[in-house]
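Only one structure is covered here, and it is reproduced in the block below.
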Amino acid sequence: MLSPVKRLSETLHPALMLSAILLLLVYLVIYIVFALNLIQFPFDYDQGEGFELVDTILFSRGEFPYQDTNIYPFYSSNYPPLFHVIAAPFVWLFGPAYWYGRLLGALAGIVTACAIGFAVYRAGGRQWGIALLSGLAFLASNTIYHIAPLFRQHLSMVMFETLAVVVLANVNEIQDQRTRRRVLFTGLAFVLAAGYTKQLAIATAVAVFVFLFIRQPRRSIVWGIGFALVGGAIFVWMNLATNGQWWLQSITANVNPFIPDQAVGLFRLWFSLHGFLIVPAALYVLYELYFTRLSIYSIWFVAGIGVSILSGKWGAGDSYFSTSIAALCLLSGLFASRTLRGEWHFPTTNLYGRWLRPFGRVVKPLTGIGMVIIPLLYLGYGRAVLHLPTDAPIFSTIADVLQIEPNALNGFYDSAGRIAGGYADIGHLTTPADIEAGWRIVELVRATDKPVLSEEAAFNLLAGKDVITNPTQILNLAQQGLFDSSALIAMVEAQDFGLIIMRAQFYPIDVLQAIARSYEITETIPMNGFEYLIFTPRAEPLQE
Amino acid sequence: MFSNHFTLSKRLLGLLLLIAGVAGFAAVLAIDVLNPAREGGIGPAQRLALGLCVALALVGLTLIPLGNQPA
């Protein structure tokens, strides 16, 4: 006979699950609206997107973007090639544009969510409701929402990482040798793809080989040698083909100063936004660690948190938590599935199981309320990650009803606030006025016969001029004494640039000083919530 | 260990984690010993690394009593 608590839980469960699914589906709609909005925006939205487009254009011409930044056009990329290589055919078909990179990023987010849902469905007893919630939770994260639909490679890396762990999760249980080898090969190919999409995939590579080592050291070592040979051969080939620029630009230049306060702030933010799912995910890891076998997902979660520490680097940010967010959505889904199935076992053959035995009598009657607690966790998560445009049609009505005031740029509410250093100040929708302002800047670029130095690539690309410098990359290099600014400063002092356009003033300090001496601000154009400073040559340059 | 049927036990995994934690702790401290020219003593990143090494060692210690159960 059912206890009253259990009976009540079973009655409430469907309504609560439906509410949680509907809430997270609203975030899916917001994700799609944001992606569609950005796809139609022809300029840089997030700082640096344009340089990813430049990398893509270079690859489409068969050129490497890892170049000597000490000579004109002072340009180099600091990212691995795969995302840009995948996007390169779009350049052949459609020319330089932002929409396809943003489409690829948004689709990568959706594929990752589907992979998370599939993994939870497969390993969690085929509970479609929890599987759906797990996938939707990933897209509902504030971080994933504002990173995925950008012309950036980060979400593609997370997609390859997630596919790798999902493919490899049960590889040790495959009896047929040929099938097992094929699955291992596929999984490790995804790891390699992730690594050549962005360097942070090192976390997943470590997690995969630790998992394989724990289950069967011999297999881990044999396949690890093969993996290192293939990955190393590609690395050496690229380094030789670029005269060492690949190593300098993608590895050496990325060793930036570590700001502990930034890492601590971002970890606090990560917990405050995702805590409703982090706690069950962590409990699931502890359960596996002490009472069953460690899955690849638990090891991946720990590795993902480990690599998130690098978010404290200068130039890093909340995107560094994306891998851990994918893992926590997956593990919390497994926690939820196990709870709903009532399959928590603490064997008394286990030391800690014996310690927990006295609590068993208390805990057992409470298991019924898991049917209420689990959907409430997702509802709590849905509330914690609240983000929506407050000015757009329909959303403005929702904002009015919920009495939500915008707390970020351009009519956008983000529960993350804007307090943690390194948190990307984006997520708002672009407007026709932003597009108009962008074209106004392009017209200014077209109006000069001289080259233009711009912190964002879009204006030069659309005006048909050379893209000169990648400011954050030369700042990375300058901070380590690896950038010789003399040629660039000589051009600035000779007023060789018809215009200089800046938004964040990311150039090395000596370049900024040279600009201040030789150029002056003659116009400020607001776009996208930021002020674009238009510098023109001074009639009388200032003395040093 | 290199047989096709060998798998790590909770005890062995615990021992490996304990060794890694202790070795990591010593290595982080050794940065200042091997490079005395560094100024400022143990910095924030080092303190973070030391904390992680301690946590790793403690997790390792708690796994050792679980014996031959597969990890």
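Lettering of chains follows the sequences in order, A, B, ..., and the numbering in each one begins at 1.
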*Are more than 12 heavy atoms from other residues, nucleotides or ligands located less than 6.0 Å from atom CZ of A:F185?*
no

*With the side chain counted from C-beta on, respond yes when A:P260 and B:L48 share a heavy-atom pair under 4.5 Å apart, and no when they do not.*
no

_If you count heavy-atom pairs within less than 4.5 Å of chain B, which of A:I221, A:V222, A:L294, A:N350 leads?_
A:N350

_Residues in residues 297-316 of chain A near chain B [non-hydrogen atoms, under 4.5 Å]_ = A:I309

*Residue-level contacts of residues 63-71 of chain B with chain A, using a heavy-atom cutoff under 4.5 Å*: B:L63, B:P65, B:L66, B:Q69, B:P70, B:A71

*asked:* Heavy-atom count check: over 12 atoms from other residues, nucleotides or ligands less than 6.0 Å from A:I202 CD1?
replied: no

*Contacts of type salt bridge (Lys or Arg N to Asp or Glu O under 4.0 Å), residue A:R341, not counting sequence neighbours*: A:E343

*Does some side-chain heavy atom of A:N172 sit less than 4.5 Å from a side-chain heavy atom of B:T7?*
no

_Using a 3.5 Å distance criterion without hydrogens, assess whether the side chain of A:Y352 forms a donor-acceptor pair with backbone atoms of B:T62._
yes

_Is it the case that atom CZ in A:R354 sees more than 12 heavy atoms from other parts of the structure closer than 6.0 Å?_
yes

*Is chain B contacted by the side chain of A:F258, its backbone, both, or neither, given a heavy-atom distance below 4.5 Å?*
side chain

*Sidechain-backbone polar pair: B:K10 side chain, A:L289 backbone, donor-acceptor under 3.5 Å*: yes

*Where along residues 16-28 of chain B does a heavy atom come under 4.5 Å of chain A, listed by residue number?*
B:L16

*A:R122, CZ atom: more than 12 neighbouring heavy atoms under 6.0 Å*: yes

*Sidechain-backbone polar pair: A:Q216 side chain, B:N4 backbone, donor-acceptor under 3.5 Å*: yes

*asked:* Counting neighbours of CH2 on A:W344 that are heavy atoms of other residues, nucleotides or ligands and sit closer than 6.0 Å, is the number greater than 12?
replied: yes

